[in-house]
Amino acid sequence: MPTTSPKSQHVLVLNCGSSSLKFAIIDANTGHEIISGLAERLGATTPSIKYKFNGAKTVINLVAGQAHAEAIDTLVSLIKDHSLDEQLIAVGHRVVHGGEHFTQSVLIDEKVIAGITQAATLAPLHGHANLLGIASAQASFEGLPQIAVFDTAFHQTMNEVAYLYALPYKLYTEFGVRRYGFHGTSHFYVAGQTAKLLNQPIEQSNFISAHLGNGCSVCAIKNGKSVDTSMGLTPLEGLMMGTRSGDIDPGLFNFLTTQLDYTAQQIDNLLNQKSGLLGISELSNDCRTIEEAAVAGNKKAILALDMFCYRLSKQIAAYMVPLQRLDAIIFTGGIGENSDIIREKVISLLAFLGLDCDQKANLNARFGQEGIISSSQARSKAVVMPTNEEWVIALDAANIAKEL
Ligand code: ADP
């Protein structure tokens, strides 16, 4: 029995981080993952690739110092060994920053590479990794169309009132300093799925989606389009996150440099790696660990969770300004999909928006289970919707490849 139908549309999805590479081969028709895995600690002393295929998990240790190119070489051998290359129709790349240039997914050619290279100045670590991934995949899968799917693209419908910082205007026109937003693929996907779940057209849907993973962002979606989002020029702005501070007083920079002799790099490290849930709890960036400690009475863990929910709720409430009418709030990402504690807290802080929480439905919505967690009387619904960025990337890549 063949495991795939002749019409299957297998796409290799690559998501290159600065020291990691997530990959999957996905059937764009069904979202089914044929193989998936993660290469991590790339460029460090103990790089490795973990992958799942046919229900079995395997680990391959790479040689110390090996990075993206070698990880992709190993991945190519793996794919060929299992004859998975025969049905591949495209490679889809998650690209973190598309700047203002890319408002949708595109077939990668030299001009697109130049555009991604230009946008990479706004997110050097991620941008460099994305370009490396594209170059390696082009060398290894010659002849297969390569498609770029941008984290920023969905938010290109924001208007300038929402995306400009109140800074000298020239910083925007000359250097592209503005708010771009991230997690766009996820916000787009969960909004579409929620419209289906609620049986209403996405073009007439007003949602606020909260993508809560290690990085966290909220998006205001009006008539199916992003009108505001909490991340900005970089993925540091907005909500409190696992290790990122989110919004702070910009005056902190002056204080840290003049009073505490911090360098720019130390400040960047403080705000990106040492803050957020980890900074306040002094325990962990992992929400599960913090929830367990909070249940056991740990005061800093309780404070970290309270701050997380308070700041998230404030941001959601602020988005009532552009939306005016709210059909649903959507929880997604590892925390949004699993933490009934955080969902209940946020909903109770936002009860004035006509939200409520059905305890049983809230407890049941976890481990990839979608569902409405508000009661039938709620004026605005609360929804848990598992995200699937890889599938969106596979679908976009398959659709573009089909047109060639
Ligand atoms: P990433 O942004 O790296 O993709 P994820 O979306 O996987 O991250 O989210 C990771 C976060 O989800 C972690 O903080 C983790 O603790 C949290 N999480 C996962 N499962 C649960 C759970 N059952 N309860 C609470 N938090 C959870």
Side-chain angles (χ1 to χ4, degrees), residues 92-107 112 115-116 118-119 122-123 126 147-167 169 171-173 176-196 198 200-211 215-239 315-330 332-333 380 383 385 387-389 391-393 395-397 399-400:
H93 296 267
R94 176 188 182 210
V95 179
V96 169
H97 220 306
E100 283 188 323
H101 193 65
F102 298 107
T103 57
Q104 57 190 22
S105 305
V106 289
L107 180 71
V112 169
I116 297 174
Q118 197 189 359
L122 298 165
H126 282 108
I147 284 96
V149 180
F150 301 92
D151 247 25
T152 46
F154 181 57
H155 303 301
Q156 280 297 307
T157 44
M158 286 195 285
N159 71 34
E160 60 185 359
V161 171
Y163 71 64
L164 283 177
Y165 291 112
L167 291 168
Y169 195 72
L171 274 175
Y172 166 55
T173 48
V177 175
R178 54 158 280 184
R179 311 182 59 252
Y180 291 92
F182 298 87
H183 290 147
T185 314
S186 177
H187 291 298
F188 164 78
Y189 175 76
V190 298
Q193 293 299 108
T194 299
K196 282 188 201 152
L198 300 180
Q200 62 183 67
I202 182 70
E203 302 77 21
Q204 289 163 29
S205 296
N206 283 10
F207 297 143
I208 297 174
S209 60
H211 178 109
C216 300
S217 72
V218 192
C219 181
I221 297 161
K222 188 172 195 170
N223 297 325
K225 296 206 156 66
S226 170
V227 290
D228 208 344
T229 191
S230 58
M231 284 176 168
L233 176 72
T234 76
L236 181 57
E237 188 179 340
L239 303 178
Q315 186 66 75
I316 291 174
Y319 285 157
M320 289 311 291
V321 174
L323 292 194
Q324 298 290 311
R325 184 199 88 236
L326 177 66
D327 298 326
I329 62 168
I330 308 168
T332 194
S380 306
V383 168
M385 184 56 69
T387 194
N388 195 340
E389 289 156 287
W391 192 10
V392 178
I393 295 171
L395 268 174
D396 273 11
N399 284 334
I400 290 175

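Side-chain atoms are counted along with the backbone in the values below, which use heavy atoms only and exclude waters and symmetry mates.
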Taking only residues two or more places apart in sequence or in another chain, which ones pass salt bridge (charged side-chain N to carboxylate O under 4.0 Å, His left out) with Asp396? none
Any side-chain heavy atom of His155 sitting closer than 4.5 Å to one from Cys219? yes
Qualifying residues under side-chain contact (heavy atoms from CB on, under 4.5 Å), relative to Lys222, sequence neighbours excluded: Asn206, Val227, Leu323
Here the gap from His183 atom NE2 to Ser230 atom OG, rounded to the nearest 0.5 Å, amounts to 9.0 Å
What residues, two or more places apart in sequence or in another chain, satisfy side-chain contact (heavy atoms from CB on, under 4.5 Å) together with Tyr189? Gln193, Thr387, Asn388, Trp391, Val392
Counting C-beta onward and ignoring hydrogens, is there a side-chain heavy-atom pair between Thr185 and Phe154 closer than 4.5 Å? no
Are side-chain heavy atoms of Tyr319 and Leu326 found at a separation under 4.5 Å? no
Provide the closest heavy-atom pair for Ala191 versus Ile330 in the form atom of the first, atom of the second, distance. CA-CD1, 4.0 Å
Do any N or O atoms from the side chain of Ser226 and from the backbone of Thr157 form a donor-acceptor pair under 3.5 angstrom? no
Restricting to non-hydrogen atoms, name the atom on Thr194 and the atom on Val383 that form the minimum distance, rounded to 0.1 Å. OG1-CG1, 3.9 Å
Do Phe188 and Ile221 have side chains that approach each other closer than 4.5 Å (heavy atoms only, starting at C-beta)? no
Regarding Ser217 and His187, do their side chains bring together a donor and an acceptor under 3.5 Å, going by distance alone? yes
Point-to-point distance, once rounded to the nearest 0.5 Å, from OG of Ser186 to NE2 of His211: 4.5 Å
With sequence neighbours excluded, what pairs up with Gln118 under the side-chain contact (heavy atoms from CB on, under 4.5 Å) test? none
For the residue pair Thr229 and Phe182, establish whether any side-chain heavy-atom pair is separated by less than 4.5 Å. no
For the aromatic rings, using the six-membered ring if either is Trp, is the centroid distance between Phe102 and His97 under 6.0 Å? no
Got a sec, which residues hit salt bridge (charged side-chain N to carboxylate O under 4.0 Å, His left out) with Arg178, two or more places apart in sequence or on another chain? Glu100
Minimal non-hydrogen separation, Thr152 against Gly181, with atom names: CG2-O, 3.2 Å
Taking all non-hydrogen atoms of both residues into account, name the closest pair between Asp228 and Met158 and its distance. CA-SD, 3.7 Å
For residues Ile400 and Ser105, report the shortest heavy-atom separation together with the two atoms involved. CD1-O, 3.5 Å
Heavy-atom side-chain contact between Ile208 and Val218 under 4.5 Å: yes
What heavy-atom pair brings Ala397 and Gly92 nearest, and what distance separates the two atoms? CB-CA, 4.1 Å
Approximate separation, where rounding is to 0.5 Å, of Asn159 CG and Lys225 NZ: 13.0 Å
In chain order, what residues pass the salt bridge (charged side-chain N to carboxylate O under 4.0 Å, His left out) check against Glu237, with sequence neighbours excluded? Arg179
When you compare the side chain of Leu233 with that of Tyr180, does any pair of heavy atoms fall below 4.5 Å? yes
